[in-house]
Amino acid sequence: QVQLIESGGGLVQPGGSLRLSCAASERTTSNYAMGWFRQAPGKSREFVSAITWSGGRTLYADAVKGRFTTTRDNSQNMVFLQMNSLKPEDTAVYYCAQEKAPKSVYLTTIPSSYDHWGQGTQVTVSS
């Protein structure tokens with residue numbers, strides 16, 4: 001059972017930056033697309049970004065496009081989310097997740113397509 005551990009969250013002022021990391025316990029994670037989701041208080045979990053198993057393609061929610069960048073380092077079993085120009089509405093718990101199907105050529109925004117989740121890391125954007 002793969003374990004995913006997010007880190008890098010914290011408190012940042014509007015306009016600031018944070019880099020989230022997701023560490024996987026298994027090398028097999030390199031065979032799967034990975035996603036980032038977030039959940040704000042009182043709201044449902046929403047898609048943020050996804051990256052193919054090779055890192056060759058990415059997908060972003062409109063709300064973060066141009067500000068967030070997802071990358072991965074399969075040699076280290078790591079996935080990253082660089083967040084720039086942060087806004088108060090980006091405040092949420094951020095989760096990384098592993099997609100169900102290995103080496104899929106498609107990227108999905110649907111949470112039920114992911115079957116392994118981290119515990120989340122809190123990001124708060126406030127002055």
Side-chain angles (χ1 to χ4, degrees):
Q1 178 88 357
V2 64
Q3 290 186 321
L4 303 173
I5 301 176
E6 303 94 338
S7 61
L11 173 64
V12 63
Q13 292 186 340
S17 298
L18 282 175
R19 188 190 194 212
L20 304 185
S21 299
C22 173
S25 61
E26 303 288 338
R27 288 194 59 82
T28 54
T29 296
S30 64
N31 293 326
Y32 293 83
M34 298 293 290
W36 286 97
F37 291 78
R38 65 187 182 186
Q39 188 165 17
K43 295 188 177 181
S44 59
R45 191 167 297 189
E46 66 172 357
F47 171 79
V48 174
S49 69
I51 186 167
T52 53
W53 65 275
S54 66
R57 288 197 301 119
T58 54
L59 179 67
Y60 297 95
D62 288 343
V64 307
K65 199 172 295 182
R67 300 187 296 122
F68 290 11
T69 303
T70 294
T71 58
R72 68 189 300 162
D73 182 347
N74 285 340
S75 69
Q76 299 293 323
N77 303 330
M78 299 285 293
V79 183
F80 306 99
L81 181 66
Q82 178 67 44
M83 306 186 295
N84 298 328
S85 302
L86 282 161
K87 305 175 181 180
E89 51 263 44
D90 295 318
T91 295
V93 177
Y94 283 71
Y95 301 88
C96 68
Q98 179 178 295
E99 195 181 332
K100 291 179 179 178
K103 297 190 175 182
S104 173
V105 298
Y106 303 105
L107 291 172
T108 175
T109 65
I110 303 171
S112 60
S113 296
Y114 298 80
D115 59 357
H116 295 288
W117 294 80
Q119 83 290 347
T121 186
Q122 176 70 46
V123 171
T124 302
V125 184
S126 175
S127 55

Same cluster or not: are Leu86 and Val64 linked, directly or through other Ile, Leu, Val, Met, Phe, Trp or Tyr residues, by side-chain heavy atoms under 4.5 angstrom apart?
-> yes
Let me check something: any side-chain donor-acceptor pairs from residues 76-84 under 3.5 Å, sequence neighbours excluded? List them with distances.
residue : atom : partner : partner atom : Å
Gln82   : NE2  : Asn84   : OD1          : 2.9
Asn84   : OD1  : Ser17   : OG           : 2.9

How long is the gap from OH on Tyr94 to CZ on Arg38, to the nearest 0.5 Å?
-> 4.0 Å
Side-chain heavy atoms under 4.5 angstrom apart, residues restricted to Ile, Leu, Val, Met, Phe, Trp, Tyr: same cluster for Trp117 and Val93?
-> yes
Quick one: are Leu59 and Thr52 in side-chain contact, heavy atoms under 4.5 Å?
-> no
Partner residues of Asn74 under the side-chain contact (heavy atoms from CB on, under 4.5 Å) criterion, sequence neighbours left out = Ser30, Arg72
OG of Ser49 to CG of Leu20, rounded to nearest 0.5 Å, is 9.5 Å
Residues Val2, Thr28; criterion side-chain contact (heavy atoms from CB on, under 4.5 Å); working and verdict = CA-CA 8 Å; Val2 64; Thr28 54; 5.5 Å; no
Between atom OG1 of Thr71 and atom CE of Met34, what is the distance when rounded to the nearest 0.5 Å?
-> 12.0 Å
Working to the nearest 0.5 Å, report the span between CD of Gln1 and OG of Ser25.
-> 8.5 Å
Grab the two heavy atoms, one from Leu107 and one from Ile51, that are nearest each other, plus how far apart they are.
-> CD2-C, 3.6 Å
When rounded to the nearest 0.5 angstrom, what is the spacing between CD1 in Ile5 and SG in Cys22?
-> 9.0 Å
Under 3.5 Å, is there a donor-acceptor pair between the side chain of Tyr60 and the main chain of Thr70?
-> yes
Can you label the angle between the Phe37 ring and the Phe47 ring as parallel, tilted or perpendicular, going by 30° and 60°?
-> perpendicular
Ignoring hydrogens and angles, tell me if any N or O in the side chain of Glu99 forms a donor-acceptor pair with the backbone of Gly35 under 3.5 Å.
-> no
Does the Glu6 side chain pair with the main chain of Cys96, one donor and one acceptor, at a distance under 3.5 Å?
-> yes
First locate atom CG of Leu4, then atom NE2 of His116, and finally report the distance between them rounded to the nearest 0.5 Å.
-> 8.0 Å
Identify the two heavy atoms, one from Ala92 and one from Ala40, that lie closest to each other, and give their separation to 0.1 Å.
-> CB-N, 3.8 Å
Quick one: does Ser126's side chain get under 4.5 Å of Pro88's, heavy atoms only?
-> no
Salt bridge between Asp90 and Lys87, side-chain N to carboxylate O under 4.0 Å?
-> no
Spell out, as yes or no, whether a donor-acceptor pair under 3.5 Å connects the side chain of Tyr114 to the backbone of Thr108.
-> yes
Taking the side chain from Thr91 and the backbone from Thr124, do they hold a donor-acceptor pair closer than 3.5 Å?
-> no
Do other residues, nucleotides or ligands put more than 12 heavy atoms under 6.0 Å from Glu46 CD?
-> yes
With a 3.5 Å cut-off and no angle check, do the side chains of Thr29 and Gln98 form a donor-acceptor pair?
-> yes
Sorted by chain and residue number, the side-chain hydrogen bond (donor to acceptor under 3.5 Å, both in side chains) partners of Asp73 (sequence neighbours excluded) come out as Ser75
